[in-house]
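This report concerns only the one structure given below.
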Amino acid sequence: MAVLNFFDTYILAAIMEEHVPNTFFFRDRYFPTGDNDVFAADKVLTEYRKGDRRMAAFVSERVGDIPMGRIGYEIHELQPAYIGVSRLLTLDDLKKRGFGEALYAVSTPAERAARLLRDDMGDMDLRIRRREEWMAVQTMLNNECTMQTFIDDKTKGEKLHVQFFEGSASEHIYTPAKPWTSFAEMRADVIAMCRMLSYRGLPVTDLLLGTDTADAILQFEDLQRLLDKNSGIAIGSIREQLTAYTGVVLLGVLNFGGFQLNLISVDESYMDDDGANKPYFPKTGAMVTAPACGHFMYGQITQIDYGSTVPISHPGVRVPKFTLDQDNDMRKLRLATRPLAAPKNYCPYIYAADVVS
């Protein structure tokens, strides 16, 4: 009977696929990965087009028809940034009681190594997902993303930059005349933001709010009056409820000039490179968009696998690698990926900064 080598890259990749990942709001809701988003190449192709709103022409019957030109689109070849995290496994780790293990555990070093292998893959995947969440948010806020590479945990390398607009300014920014102090002011700006998308034939379903923005909106007296069932105006409803995403609250659904928008308060946070806690989404910001407005694409990882002497390219969302240092009785497990967050259409999100003071 054949014996599985659990340190083979393909076996580790299969184990990774069975891992149930943590969910992240921006990454999973707005940048899902499809079957055609994993490339067997170092570079990926990103393409997007502007919405077509032209009408068919009236044609004389004796002419028959007028040929219709194809809609132009932009296509770019980009090389995704590389992300690689690893964790060492020493003999000391195998002798110590592990987290969550019984006080007087009877696990053998081999059993403890297998459990640590599984846990380490989950921990590394979680860190990568946090970085992907950051990439998704930066892409939506700026329509571009600047990635600072590191040579080690302290030394900075080169900066990588990708943008999805031409020239010096992106068309996804909306600037309110003044900070919102009432629902009437908010409503006018949100409708204008929605029309910037609908004018190009793009869907609008979500209104993303920073925590300060969400708190301010709930205090608007004119909104509270409109939500009164006796007002006679069907503006929507506010029923705050938790979602499947940590730090994300669905406030309710409101009508903005016919656009039925989910009001979503986002309070996700991460620890930056300096150890400070920062929100992914600005506290005083607001954005209109729709689910699956973008997607994550992945380039292949080329490496020399354990037990091999030649480089092998692995297309995949996550590519593990096992190495062994016999002289120092040490194992190392690495998890690598080449992700790129990109919009599916030209500027499928409209962002307004500092909408409340």
Test item: side-chain donor near acceptor, H314 and D305, under 3.5 Å
yes

Side chain to side chain contact (heavy atoms under 4.5 Å, CB included), that's the test. Do L160 and T149 meet it? Break it down for me.
CA-CA 7 Å; L160 305 177; T149 65; 3.9 Å; yes

Separation of L218 CG from E240 CD (nearest 0.5 Å):
5.5 Å

Tell me, do L209 and L263 make a side-chain contact under 4.5 Å, heavy atoms counted?
yes

Any donor-acceptor N/O pair, T33 side chain to F296 backbone, under 3.5 Å
yes

Grab the two heavy atoms, one from F26 and one from A136, that are nearest each other, plus how far apart they are.
CB-CB, 4.1 Å

Would you say R127 and R130 make side-chain contact, with heavy atoms under 4.5 Å?
yes

Pairwise side-chain contact, T211 with P279, heavy-atom cut-off 4.5 Å (strictly under):
no

If you take all heavy atoms of M287 and M193, which pair is closest and at what distance?
CA-CE, 4.3 Å

Between F183 and F256, ring centroids under 6.0 Å:
yes

Looking at K332 and D325, does any basic side-chain N land under 4.0 Å from a carboxylate oxygen?
no

Min side-chain heavy-atom separation S198-R200 under 4.5 Å:
no

Dump the intermediate steps for side chain to side chain contact (heavy atoms under 4.5 Å, CB included) on R338 and I301, then the final yes or no.
CA-CA 7 Å; R338 286 188 179 274; I301 300 292; 3.6 Å; yes

First locate atom CD of E133, then atom OH of Y30, and finally report the distance between them rounded to the nearest 0.5 Å.
10.5 Å

Will you find, in the side chains of Y280 and Q138, an N or O donor that is under 3.5 Å from an N or O acceptor?
no

Side chain to side chain contact (heavy atoms under 4.5 Å, CB included) between R334 and T323, worked out
CA-CA 8 Å; R334 186 184 77 186; T323 56; over 6 Å; no

Check ion pair D125-R129 (N to O, under 4.0 angstrom)
yes

hydrophobic_cluster_shared for V288 and L251, side chain cutoff 4.5 Å:
yes

CD1 (I312) and CD1 (I304) are apart, to the nearest 0.5 Å, by 9.0 Å

Would you confirm whether Q148, through its side chain, and G157, through its main-chain N or O, come within 3.5 Å as a donor-acceptor pair?
yes

If you group Ile, Leu, Val, Met, Phe, Trp and Tyr by side-chain heavy-atom gaps below 4.5 Å, do V38 and F31 land in one group?
yes

Is the shortest heavy-atom distance from the side chain of F25 to the side chain of L208 under 4.5 Å?
yes

Side chain N345, main chain P348, donor-acceptor under 3.5 Å
no

Among residues at least two apart in sequence or on other chains, which ones pass salt bridge (charged side-chain N to carboxylate O under 4.0 Å, His left out) with D120?
R87

Closest non-hydrogen atoms of C347 and S170, given as atom of the first, atom of the second and distance, are SG-OG, 3.9 Å

Do L261 and V190 come within less than 4.5 Å of each other through their side chains, counting heavy atoms only?
yes

Once rounded to the nearest 0.5 Å, what's the spacing between atom OG1 of T337 and atom CD of Q300?
12.5 Å

Test log, rule salt bridge (charged side-chain N to carboxylate O under 4.0 Å, His left out), inputs R27 and E132
CA-CA 7 Å; R27 181 194 184 282; E132 290 175 338; 2.5 Å; yes

Walk me through whether L333 and M124 qualify under side chain to side chain contact (heavy atoms under 4.5 Å, CB included).
CA-CA 10 Å; L333 180 64; M124 290 186 289; 3.8 Å; yes

Taking C-beta and beyond as the side chain, do F281 and M140 meet within less than 4.5 Å on heavy atoms?
no

Can you establish whether the number of heavy atoms outside D152 located under 6.0 Å from its atom CG is more than 12?
yes

Does any N or O in the side chain of Q303 come within less than 3.5 Å of the main-chain N or O of V319, such that one atom is a donor and the other an acceptor?
no

With a 3.5 Å cut-off and sequence neighbours excluded, list the donor-acceptor pairs that the side chains of residues 349-357 form with protein atoms.
residue: Y349; atom: OH; partner: T139; partner atom: O; Å: 3.4
residue: Y349; atom: OH; partner: N143; partner atom: OD1; Å: 2.8
residue: D354; atom: OD1; partner: T284; partner atom: OG1; Å: 2.8

Hydrophobic cluster membership, I151 vs I83, 4.5 Å side-chain cutoff:
no

Nearest heavy-atom pair of P282 and L141: which atoms, and what distance?
CD-CD1, 3.6 Å

Any luck finding a side-chain donor-acceptor pair between D189 and Y174 under 3.5 Å?
yes

Rounded to the nearest 0.5 Å, what's the gap from OG1 on T175 to CD1 on I173? Could you check?
7.0 Å

Side chains of F165 and H172: closer than 4.5 Å at any heavy-atom pair?
no

Closest non-hydrogen atom pair, G236 against L227
O-CD2, 3.6 Å

Using the rule that two of Ile, Leu, Val, Met, Phe, Trp, Tyr join whenever any of their side-chain heavy atoms come within less than 4.5 Å, decide whether L202 and M196 are in one cluster.
yes

Is it the case that the side chains of H161 and E144 hold a donor-acceptor pair, with the cut-off being a distance below 3.5 Å and no angle test?
yes

If you take all heavy atoms of T246 and E268, which pair is closest and at what distance?
O-CG, 3.3 Å

Please round to the nearest 0.5 Å and tell me the distance separating atom OG of S269 and atom NZ of K283.
9.0 Å

Look at the side-chain heavy atoms of Ile, Leu, Val, Met, Phe, Trp and Tyr, link any pair under 4.5 Å apart, and say whether V137 and Y270 land in one connected group.
yes

Under the rule for salt bridge (charged side-chain N to carboxylate O under 4.0 Å, His left out), what residues qualify as partners of D206, not counting sequence neighbours?
R29

